[in-house]
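Since the structure comes first, as C-alpha cells, the remarks are kept for the end.
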Amino acid sequence: MLALADCNNFYASCERLFRPDLEGQAILVLSNNDGCVIARSNEAKALGIAMGTPFFKLAPALRRQVVVFSSNYALYGDLSRRVMQVLAGFAPRIEVDSIDECFLDLEGSADPTAECLGIVRILRQWTGIPVSIGIASTKTLAKLANRLAKQGRSPDGPVLDWSRLTDPESHLAATPVEDLWGISQRWGQRLRALGIAEALALREADPKWLRQHLGVVVERLVWELRGQSCLALEEMAPPRRQVRVSRSFGAAVTQWVELRAALTRFATRAGEKLRAQGLAAPALTVFIQTDPFDTSRPFYSNAHTSAFDQPTSDSAVLIHHATQGAKRLWRRGDAYRKAGVLLPDLVPARLGPGDFFADPAEAERGARRMAVLDDINRRFGRDSLRFGGEFVGTTWHRRARLTSSVSTTRWEALPVVRAR
DNA sequence: TCTGGGGTCCTAGGACCC
DNA sequence: TCTGGGGTCCTAGGACCC
C-alpha cells in the first residue's frame, strides 16, 4: 500500500499561514517578476482564475477580489522541509516527489485511513499546512485518489483509500484521461483519437496495442490503473543529471556589463547547487534571448556550449565560461529579456575524469576557495560573500513588488514583540 | 508596462563496432 | 542468382511533471 500526501494549494497555504486574517479569502501567488499565476487558494480557483494566467491579463474586477503575493521560495522551501520531516516520522520509507508532494510506504499498516487522517491532523497542528492523502496500491491510483479527495469526493474527508471505494469504476468513468498522472493535453488528444476518453476506457484497453501506438509510458499507466505497480517507490533520489539556472529580467537588458552581471549571478548559483550535491560539470551551456512577446522586433535566441578540460564545480570557472560564451552571442542593440546557464551530464565530483596535462594543485586551490566561500555563506548567511561581477546594474534584478515580509529563514525577519 | 523556472523520461535515427 | 547479424552510444526532439 502506498499513500500520496499532497499539500493543498501549497504556496497559497504558506502565505496564509502567517496571515490568518486571509482565511476564506482568495489568494494568488505569482511567478518570478510577478508574471504568471502559479498558485491559487480554493477561493481563487472558484473565481475561475486559471493556472498560468499572466497576471496583467486578469480583469481589474477580478484583481480586486484577490490578495496577491510575489513568490517567496525561501519560505516555501523551508516549510516544505518541515512537512517532509514530519511525514518521514510516519512511514518506514518515503519518496519526496516535489516541493509539496510525498509518497509514503504504508506497508503493514492495520488501518491506513485512520493512520492517514492522523497524519493530516498532526501536519496541520505542527506545520499549519493543510494536506490531502490518497491511498492505493500504485502511484497512479494514489495520485487519482488524492485528486478525488481534494475534490471533496471522499467519505473520509481529506483522505481517500481507493481500495475502500464501493464503486471505483464509476470514478474512473468520470475521470477524463487528461486528469491522470502523465497524461496531458497532447496525449489526451491522441488517446481520444483512439476512442479512449476516460480513465475507465484506458484501464480496459489492451496494453500491448497501446504500447505500439503510444509507447511504453501509456502501457505502464494501464497496468497501474489495474492495480499492478510499475512505478516503484524510490527512496534514494538518483543524483541530479543536470542543473539549470535561468531568469527573466525585471526589465530589458541592453548593456553588456549588466548581462554579464546576471550571468555571473546565475553561474554562481549553479556552482552552489553542484557543490551542495557533490557533483561536477564537464561543460556549460549559456543562452540569452530577447523578448519573445515583442512583435515589433525580431526574436533572437542563441546558445553556446563550452566543454571543460575536466569536470568542475568551481564557480570562478563556471563564471568565466558563461561570460566568455555569452560574449560570442551578444549583439549590440538587442534588448535581452532572459538568460541562463545549463550544466549537463553531471558526474560525481570525485569520480570525474582528470586532465593529464592540468596542474593538480591548481584544481585543489580552486576547490579550497569554494569550500571557504560556502563555509562563510553558511555561517553568515547566503550571499554574504559574492563575486564582484554581479554588482553591476539592477535592471536584470527580478521584479517582486508583492513579497510578504514573512521569513522563517532569516533572523532579522523575526517579528518583534514589545511589552509595555 | 506586463507573459516563470527547473527538472525527467522515451524514442527514433544515425554512426559506429566486430 | 546470390550482399549478415547483433550490438552500443549519442543526439535531437517531443512529451511529461510540479
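All values reported here derive from a predicted model rather than from experimental measurement. Below, chains carry the letters A, B, ... as their sequence lines are ordered, and counting in each starts from 1. Keep in mind that the numbers below use all heavy atoms, side chains included, and drop hydrogens, waters and symmetry copies.
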key: Ring geometry between A:Tyr73 and A:Tyr76 (parallel below 30°, tilted from 30 to 60°, perpendicular above 60°)   = perpendicular

Counting only side-chain N and O atoms of [X], is one of them less than 4.0 Å from OP1 or OP2 of [N]?
| X | N | answer |
| --- | --- | --- |
| A:Lys338 | B:dT3 | no |
| A:Arg240 | B:dG6 | no |
| A:Asn33 | B:dG4 | no |
| A:Trp187 | C:dC16 | yes |
| A:Ser71 | B:dG4 | no |
| A:Arg186 | C:dA15 | yes |
| A:Ser184 | C:dC17 | yes |
| A:Arg337 | B:dT3 | yes |
| A:Arg220 | B:dC9 | no |
| A:Lys273 | B:dG7 | yes |
| A:Arg247 | B:dG6 | yes |
| A:Thr53 | B:dT3 | no |
| A:Arg147 | C:dC18 | no |

key: Out of B:dC2, B:dC10, B:dG6, whichever nucleotide has its closest atom nearest the side chain of A:Val217   = B:dC10

request  = Identify which nucleotide among B:dG7, B:dG6, B:dG4 has an atom closest to any side-chain atom of A:Val245, counting heavy atoms from C-beta outward.
outcome  = B:dG6

task = Check for a donor-acceptor pair, side chain of A:Gln289 on one end and backbone N or O of A:Lys338 on the other, with a separation under 3.5 Å.
result = no

What's the [atom1]-[atom2] distance between [X] and [N], to the nearest Å?
| X | N | atom1 | atom2 | value |
| --- | --- | --- | --- | --- |
| A:Lys143 | C:dC16 | NZ | P | 15 Å |
| A:Arg241 | B:dC9 | CZ | C1' | 8 Å |
| A:Gln289 | B:dT3 | CD | C1' | 12 Å |
| A:Met51 | C:dC17 | CE | P | 12 Å |
| A:Arg398 | B:dG6 | CZ | P | 12 Å |
| A:Arg399 | B:dT1 | CZ | P | 13 Å |
| A:Gln189 | C:dA15 | CD | C1' | 13 Å |
| A:Glu272 | B:dG6 | CD | P | 13 Å |

Other residues, nucleotides, ligands: >12 heavy atoms within 6.0 Å of A:Trp209 CH2 = yes

Within the structure shown, what part of the strands sits under 4.0 Å from [X] by heavy-atom distance: base, sugar-phosphate, or nothing?
| X | answer |
| --- | --- |
| A:Leu30 | nothing |
| A:Glu101 | sugar-phosphate |
| A:Asp100 | sugar-phosphate |

message = Between A:Trp396 and A:Tyr336, is the ring centroid distance below 6.0 Å?
response = no

message = Tell me whether A:Asp21 is salt-bridged to A:Arg19, with the criterion being a basic N under 4.0 Å from an acidic carboxylate O.
response = yes

ask   = Cation over ring, A:Arg220 on A:Trp223, under 6.0 Å and within 45°?
value = no

ask   = Looking only at atom P, what distance separates B:dT3 and C:dC18, rounded to whole Å?
value = 25 Å

request  = Between A:Gly215 and A:Asp291, just flag the one whose closest nucleotide in DNA chain B comes earlier from the 5' side.
outcome  = A:Asp291

ask   = Mapping A:Gly52 and A:Pro239 to their closest nucleotides on DNA chain B, which lands nearer the 5' end?
value = A:Gly52

query = Is there ring stacking between A:Phe55 and B:dC2, where the centres must be under 5.5 angstrom apart and the planes under 30 degrees?
reply = no

remark   = Rounded to the nearest 0.5 Å, the CD1 atom of A:Ile135 sits from the CG atom of A:Leu2 at a distance of 10.5 Å

